[in-house]
Amino acid sequence: MHAPSAPILCSFSNPDELVESLAQFIIKSQKEAIQKKGRFTVAISGGSLPKQLNGLIGKPGVKWDKWQVFYADERIVPLDHEDSNHRLCEEHLWSKVPIPKENIHTLDPALIPAAAESGSDEDPLEEIADAYEKGLIREFANRDSARFPIFDLILLGVGPDGHTASLFPGHSLLSEDDRWVAYITDSPKPPPRRTTFTFPVINHAARVAFVASGASKADTLRDVLDRPEEGLPASRVRPFSPGQVYWFVDDAAASKVEYPKTPFKL
Ligand SMILES: O=C(O)[C@H](O)[C@@H](O)[C@H](O)[C@H](O)COP(=O)(O)O
């Protein structure tokens, strides 16, 4: 692993162009991954992201049966609850494409009720986070020799405070350097109880792509891209070379950013 590579910022003049280019980028990542390893490992978070993936629906070239999908973060609610990232993805994507259900790795539903309540001794969230981490180990063990899993692609959003996945500014989890999947009980944005990938997992990915659109993201993008020294969680996403981080944004979101833009090309 080498020094982190600089972010690649691609800005699009309208939402349709962003969605279409993102779909092409994902398909290209998928093709390369399948050629090399026969499968495509992807992680997804919540927010508006699942909806922005609708450029993939009906596209020839998507080999859904080769996808292995994990959630970069998840809220501790039933899988069909309106706050669940899985439910969001199900609604906007999985229900519309022929992906085998067993290729979508959710939190273990049997552990959710206990994890939703805080325990007196060890927090029961630990068990669900551990179980999810074991799922990652099963998927990646003996395939990649690295200390952390190497996802082919991790898709993330960014919150107004610069958080990404469920890694929030100032939280002790920002310095977690051992676990793959951690839990938090005090998310400043509800619901408070969640699991999240840690930075080592995110920063070992072959590619990470942020997706952000709209003028409400302008200040955040400026802070994240132009002021990395402030250390906002999204600024800390800097995959080790040859891994790369891309920003797929629209011009409204990029309107206050001085960081150089790169024309999108496959
Ligand atoms: O933590 C949460 O509760 C949100 O899901 C959050 O992580 C979301 O992904 C970002 O705030 C980006 O949101 P948008 O993509 O909707 O802008």
Side-chain angles (χ1 to χ4, degrees), residues 7 9-12 15-16 18-19 21-23 26 42-56 69-93 106-107 112 115-116 125 129 132 153-171 173-174 181-199 201-202 208-225 232-237 245-257:
L9 172 63
C10 300
S11 186
F12 301 91
D16 291 346
L18 193 168
V19 163
S21 305
L22 178 65
I26 295 171
V42 193
I44 301 184
S45 63
S48 59
L49 180 67
K51 212 172 174 179
Q52 312 253 40
L53 300 180
N54 66 19
L56 292 168
V69 181
F70 289 82
Y71 292 104
D73 69 328
E74 185 54 289
R75 289 98 171 263
I76 307 300
V77 291
L79 295 178
D80 58 357
H81 189 280
E82 57 177 20
D83 284 337
S84 156
N85 286 343
H86 172 65
R87 144 112 195 237
L88 205 61
C89 287
E90 182 67 36
E91 191 178 322
H92 292 292
L93 193 58
T106 65
L107 294 181
I112 291 175
L125 257 175
Y132 205 62
L153 179 63
I154 298 185
L155 293 158
L156 298 173
V158 57
D161 57 354
H163 84 262
T164 190
S166 285
L167 297 162
F168 289 89
H171 199 280
L173 270 188
L174 302 192
V181 179
Y183 67 88
I184 75 168
T185 57
D186 55 356
S187 161
K189 191 175 165 192
R193 297 172 71 76
R194 298 156 173 237
T195 56
T196 184
F197 282 8
T198 57
F199 278 119
V201 170
I202 296 174
V208 178
F210 279 100
V211 183
S213 60
S216 64
K217 290 281 152 82
D219 288 338
T220 308
L221 259 65
R222 179 202 53 213
D223 293 347
V224 168
L225 288 163
L232 286 175
S235 304
R236 297 178 188 226
V237 175
V245 56
Y246 297 80
W247 284 81
F248 283 81
V249 307
D250 64 4
D251 290 347
S255 61
K256 296 187 180 171
V257 174

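Numbering of ligands and ligand atoms starts at 1, following listing order. Just so you know, these numbers come straight off a predicted model, no measurement behind them.
- Counting atoms of ligand 1 from 1 in the listed order, those under 4.0 Å from a heavy atom of Ala165 are 7 (O).
- Of the possible donor and acceptor atoms, one in the side chain of Glu74 sits under 3.5 Å from a partner among the backbone N and O of His86.
- Counting heavy atoms under 4.0 Å from ligand 1, residue Ser187 does not touch it at all.
- At under 3.5 Å, a nitrogen or oxygen of Ser48, whether backbone or side chain, sits near a nitrogen or oxygen of ligand 1.
- Proximity of Arg194 to ligand 1, defined as any heavy-atom pair under 4.0 Å, is confined to the side chain (atoms from C-beta onward).
- Interatomic distance, CG of Leu49 versus CZ of Phe210, reported as 11.0 Å (0.5 Å rounding).
- Judged by distance alone, the side chain of Arg194 and the main-chain N or O of Asp73 form no donor-acceptor pair under 3.5 Å.
- Within the model, atoms NZ of Lys189 and NE2 of His163 stand 5.0 Å from one another, a figure rounded to the nearest 0.5 Å.
- With Gly159, Ala212, Ser213, Pro191 as candidates, the residue nearest to atom 10 (C) of ligand 1 on a non-hydrogen basis is Gly159.
- Using a 4.5 Å cut-off on side-chain heavy atoms (C-beta onward), Pro50 and Leu93 make no contact.
- Partner Phe248 forms a side chain to side chain contact (heavy atoms under 4.5 Å, CB included) with one of Leu9, Val19, Leu18 and no other, that one being Leu18.
- Taking only nitrogen or oxygen atoms, main chain and side chain alike, Arg75 reaches within less than 3.5 Å of ligand 1.
- By the 3.5 Å distance cut-off applied to N or O atoms, Asn85 is not counted among the residues near ligand 1.
- Residue, atom and distance of the protein heavy atom nearest to atom 4 (C) of ligand 1 are Lys189 NZ, 3.2 Å.
- Heavy-atom contacts of His163 reach the following atoms of ligand 1: 1 (O), 2 (C), 6 (C), 7 (O), 11 (O) (cutoff under 4.0 Å).
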